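Have a look at the structure below before the remarks.
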Amino acid sequence: MITTDLFGANHDPVRRDERLCDGAVVLRGFALAEESALLQAVAAITAQAPFRHQLTPGGLRMSVAMTNAGPLGWTSDRRGYRYAPRDPDSGEPWPPLPPAFMRLAVAAAAHAGFPGFVPDACLLNRYEPGTRLSLHQDRDERDLGLPIVSASLGIPAVFLFGGLQRTDPVQRVPLAHGDVVVWGGAARLRFHGVLPLKPNHHPALGECRINLSFRRAD
DNA sequence: AAGTATCG
DNA sequence: CGCT
């Protein structure tokens with residue numbers, strides 16, 4: 001008999017989790033059990049802290065639109081990348097991490113072999129058709145021993161998962177609504193990105209993909 | 001370079 | 001498309 005827990009994890013002997021490399025795994029459909037709570041929370045967050053396009057330190061506009069929830073939020077401008085406690089647009093603190101976000105991040109990390117992970121930042125990335133995120137490393141967090149938990153909602157995307165050098169070969173990983181990728185340990189500093197989105201439609205989110213990436217910044 | 005344009 |  002196959003059983004499924006609150007977060008959709010398989011308990012039967014044949015797992016659907018897909019290992020990308022040492023320290024990185026895709027949890028297919030892991031976020032689906034909390035789908036409606038996650039979508040409601042995204043709407044509440046973006047009503048308070050709207051998606052906006054940020055500038056890279058080089059002064060170029062990112063095609064991904066971003067906002068944050070939690071005590072700290074990731075921002076980029078001409079001065080560089082950093083985590084900050086307030087939304088620079090409004091001067092207000094970022095919206096708090098909703099309980100459903102916290103449950104998802106903690107459970108996915110534990111499931112992937114990182115028990116005790118508790119995020120203090122969630123970066124929300126909005127992709128529309130044509131939007132991309134070029135290869136980069138997440139290296140602005142204080143403790144690089146702690147993992148990244150990345151949940152996909154809405155239309156599908158191709159996730160790029162490379163190596164520790166920008167020029168290393170890249171795995172192309174199709175991601176669907178509800179999939180969660182967790183990477184840490186030996187994989188924590190691997191380059192990653194997203195190919196330009198293909199035009200598509202999702203019943204709940206329309207022509208849009210929203211990625212939630214959870215981190216322990218401080 | 002969390003970009004883009006350009007070349008082969 | 002992959003590379004610079």
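Chain identifiers are assigned alphabetically (A, B, ...) following the order of the sequence lines, protein sequences preceding nucleic acid strands; residue numbering begins at 1 within each chain. If you're wondering where the values come from, they're calculated on a predicted model, not measured in any experiment.
A side chain to side chain contact (heavy atoms under 4.5 Å, CB included) with A:F159 is found for exactly one of A:L195, A:L175, A:N211, namely A:L175. No option in A:R78, A:M62, A:R61 other than A:M62 meets the side chain to side chain contact (heavy atoms under 4.5 Å, CB included) test with A:T56.
For the 3.5 Å distance criterion, the side chains of A:H136 and A:D138 qualify, holding a donor opposite an acceptor.
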Could I get a table of every N or O pair under 3.5 Å where one atom is in the protein and the other is in nucleotides 3-5 of chain B?
| unit_1 | atom_1 | unit_2 | atom_2 | d |
| --- | --- | --- | --- | --- |
| B:dG3 | OP2 | A:S134 | N | 3.2 |
| B:dG3 | OP2 | A:S134 | OG | 2.4 |

Might you list the N or O atoms of the protein lying below 3.5 Å from N or O atoms in nucleotides 1-4 of chain C, with each pair's distance?
| unit_1 | atom_1 | unit_2 | atom_2 | d |
| --- | --- | --- | --- | --- |
| C:dG2 | OP2 | A:R172 | NH2 | 3.0 |

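Following chains of ILVMFWY side-chain contacts shorter than 4.5 Å, one cannot reach A:L133 starting from A:L153, and the two form parts of different hydrophobic clusters. Hydrophobic clustering (side-chain heavy atoms under 4.5 Å, transitive across Ile, Leu, Val, Met, Phe, Trp, Tyr) keeps A:F51 apart from A:W94. Note on A:L72 and A:V106: separate hydrophobic clusters, where clusters join Ile, Leu, Val, Met, Phe, Trp and Tyr whose side-chain heavy atoms are under 4.5 Å apart, directly or indirectly. A:I210 and A:L27 fall within the same hydrophobic cluster, defined by Ile, Leu, Val, Met, Phe, Trp and Tyr side-chain heavy atoms under 4.5 Å apart, directly or through other members.
A pairwise comparison of heavy atoms in A:I155 and A:K198 identifies CD1-O, 4.1 Å as the closest pair.
Proximity of residues 74-81 of chain A to DNA chain B (heavy atom under 4.0 angstrom from any strand atom) is restricted to A:W74, A:Y81.
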Show, in sequence, the C-alpha distance, side-chain angles and deciding distance for A:H192 and A:L160, and conclude whether the side-chain contact (heavy atoms from CB on, under 4.5 Å) test is met.
CA-CA 5 Å; A:H192 55 281; A:L160 303 174; 5.9 Å; no
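At a threshold of 4.0 angstrom between heavy atoms, the contacts of A:D138 include nucleobase atoms, whether or not backbone atoms are also involved.
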Intra- and inter-strand pairing of DNA chain B, written as dot-bracket with Watson-Crick and G-U pairs under 3.5 Å and | for the latter, reads ....|.||
Under 3.5 Å donor-acceptor pairs involving side-chain atoms of residues 18-25 of chain A, not counting sequence neighbours:
| unit_1 | atom_1 | unit_2 | atom_2 | d |
| --- | --- | --- | --- | --- |
| A:E18 | OE1 | A:R28 | NH2 | 3.1 |
| A:E18 | OE2 | A:R28 | NE | 3.0 |

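Atom C1' of nucleotide B:dA2 and atom CD of A:E141 are separated by 12 Å, given to the nearest angstrom. In this structure, A:Q165 places its CD atom 14 Å from P of B:dA1, rounding to the nearest Å. Atoms CD1 (A:I148) and C1' (B:dA2) sit 13 Å apart, rounded to a whole Å. Straight-line distance from the CZ atom of A:R215 to the C1' atom of B:dA2: 10 Å, rounded to whole Å. For the pair A:F191 CZ and B:dA2 C1', the interatomic distance rounds to 11 Å; values are reported in whole Å.
Residues satisfying the salt bridge (charged side-chain N to carboxylate O under 4.0 Å, His left out) test with A:D89, not counting sequence neighbours, are A:R52.
Between A:V149 and A:L104, the closest side-chain pair of non-hydrogen atoms is not below 4.5 Å.
Checking side-chain atoms of A:N68 against main-chain N and O of A:W74 turns up a donor-acceptor pair under 3.5 Å.
Look at the P atom in both B:dT4 and B:dG8: the space between them is 22 Å, to the nearest Å. For the P atoms, the distance linking B:dG3 with B:dC7 amounts to 22 Å, nearest Å.
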